2 protein chains.
Amino acid sequence: MGIELTPNQALDIWCRAAVDGVRRDAPDLSARQLALLLLVYMTEGPHTVRGLSETLNISKPAVTRAIDRLSKLDLVRRKSDENDRRSVLIQRTVKGSIFLREYSEIVASAALASTA
Amino acid sequence: MGIELTPNQALDIWCRAAVDGVRRDAPDLSARQLALLLLVYMTEGPHTVRGLSETLNISKPAVTRAIDRLSKLDLVRRKSDENDRRSVLIQRTVKGSIFLREYSEIVASAALASTA
DNA sequence: TAAAAACGATACGGGTTCGTAACGAGATTG
DNA sequence: CAATCTCGTTACGAACCCGTATCGTTTTTA
């Protein structure tokens, strides 16, 4: 439980992964969009706009826009809550799973290649 | 030399770090800006606009703008090359070192806290 | 020395994002 | 019911970023 990583190792891995991601011309997600995407996939739902807004400490319209972008890329999907029709549930998609899987493999191989 | 990391561990660590970064209200750098910053600090110089442009596979004006932003945040600094006055060298700053150090500690502690 | 090449910065039009404020739809309260 | 609250979204003006094309400066070439 837990991986020991020196700060320098962390930076080295991150640098390789970040550069690789930009070079590959992956969708240029902002830090917020990426954090939101990871949150939806790595934590248990249900995920709502309000909840994400509070977790990330950003405004609700910012969450709405991030979801607009991510759902346009088909990385995430909106579904209206049957129990409370004011709410919208943010759900995962197949494409999003594949996207994150690929990204995680970039990081993993960057870690394997790290020397620092 | 090299750290073994499963894709799921990588995502778990990344999620914690990304969410933490957004919550802390750190400067909201784009993927490109972050990659450029990491490149300047983690690889040997000298770093020029043209070189960074080629390494990241993005246009020169995009690099100029990224440097504009990063130097406005005092995370990076321009210095004209004495040998070739057409060139501009991108250099590190104290504030940038501190910024990356803090960020790397977020990642390291996220790795330590990871369970996946 | 004149012409060509290379450097980074700027102009431009189009797209995206920001936070604040207001909005309509739905749920809750009295 | 009617008033109020809560949900996510939209409107707005300002700021940022994109790539292409062009610019001024400096260096190299012929």
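The sequence lines fix the lettering, A, B, ..., with proteins before strands; numbering per chain opens at 1. Everything quoted here is computed from the prediction, not taken from an experiment.
Going from atom CZ of A/R50 over to atom P of D/dC5 covers 14 Å, rounded to whole Å. Rounding to whole angstrom units, CZ of residue A/R78 and P of D/dC7 are separated by 16 Å. The distance from atom CG of A/L89 to atom C1' of D/dC7 is 12 Å, rounded to the nearest whole Å.
Where A/S87 and A/D68 each meet DNA chain D at their nearest nucleotide, the meeting point lying more 5' is that of A/S87.
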Considering only nitrogen or oxygen atoms on both sides, find all protein atoms under 3.5 Å from nucleotides 17-20 of chain D and state each distance.
unit_1, atom_1, unit_2, atom_2, d
D/dC17, OP1, B/Q33, NE2, 2.5
D/dC18, OP1, B/R32, NH1, 3.0
D/dC18, OP2, B/R65, NE, 3.3
D/dG19, OP1, B/R32, NH2, 3.0
D/dG19, OP2, B/R32, NH1, 3.3
D/dG19, OP2, B/S59, OG, 3.0
D/dG19, N7, B/R65, NH2, 3.1
D/dG19, O6, B/R65, NH1, 3.1

Tabulate atom names and distances for all N/O pairs under 3.5 angstrom spanning the protein and nucleotides 25-30 of chain D.
unit_1, atom_1, unit_2, atom_2, d
D/dT27, OP1, B/R85, N, 3.3

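Remark: side-chain polar atoms of A/T93 are paired, donor with acceptor, to backbone N or O of A/D74 under 3.5 angstrom. Side-chain N or O atoms of A/S71 include one that pairs as donor or acceptor with a backbone N or O of A/I67 at under 3.5 Å. Checking side-chain atoms of A/S109 against main-chain N and O of A/E105 turns up a donor-acceptor pair under 3.5 Å. When atom types are taken as modelled, the side chain of A/R92 and the backbone of A/V40 share a donor-acceptor pair closer than 3.5 angstrom. Not one N or O on the side chain of A/R77 forms a donor-acceptor pair closer than 3.5 Å with the backbone of A/I90. Using a distance-only test at 3.5 Å, with no hydrogens or angles considered, no donor-acceptor pair links the side chain of A/T48 to the main chain of A/L89. Checked by atom type and distance alone, the side chain of B/R50 never pairs as donor or acceptor with a backbone atom of B/K60 at under 3.5 Å.
Looking only at side-chain heavy atoms (C-beta outward), B/F99 and B/L29 come within less than 4.5 Å of each other. Residues B/L38 and B/L100 meet the side-chain proximity criterion, which asks for heavy atoms closer than 4.5 Å. Contact check for B/T55 versus B/T43: no side-chain heavy atoms found under the 4.5 Å cut-off.
Extent of DNA chain C lying under 4.0 Å from chain A heavy atoms, first and last nucleotide in 5' to 3' order, is C/dT17 to C/dA27.
Counting all heavy atoms, side chain and backbone alike, A/E54 lies closest to B/R23 at O-NH1, 3.4 Å.
A/T64 comes within 4.0 angstrom of a base, heavy atoms only.
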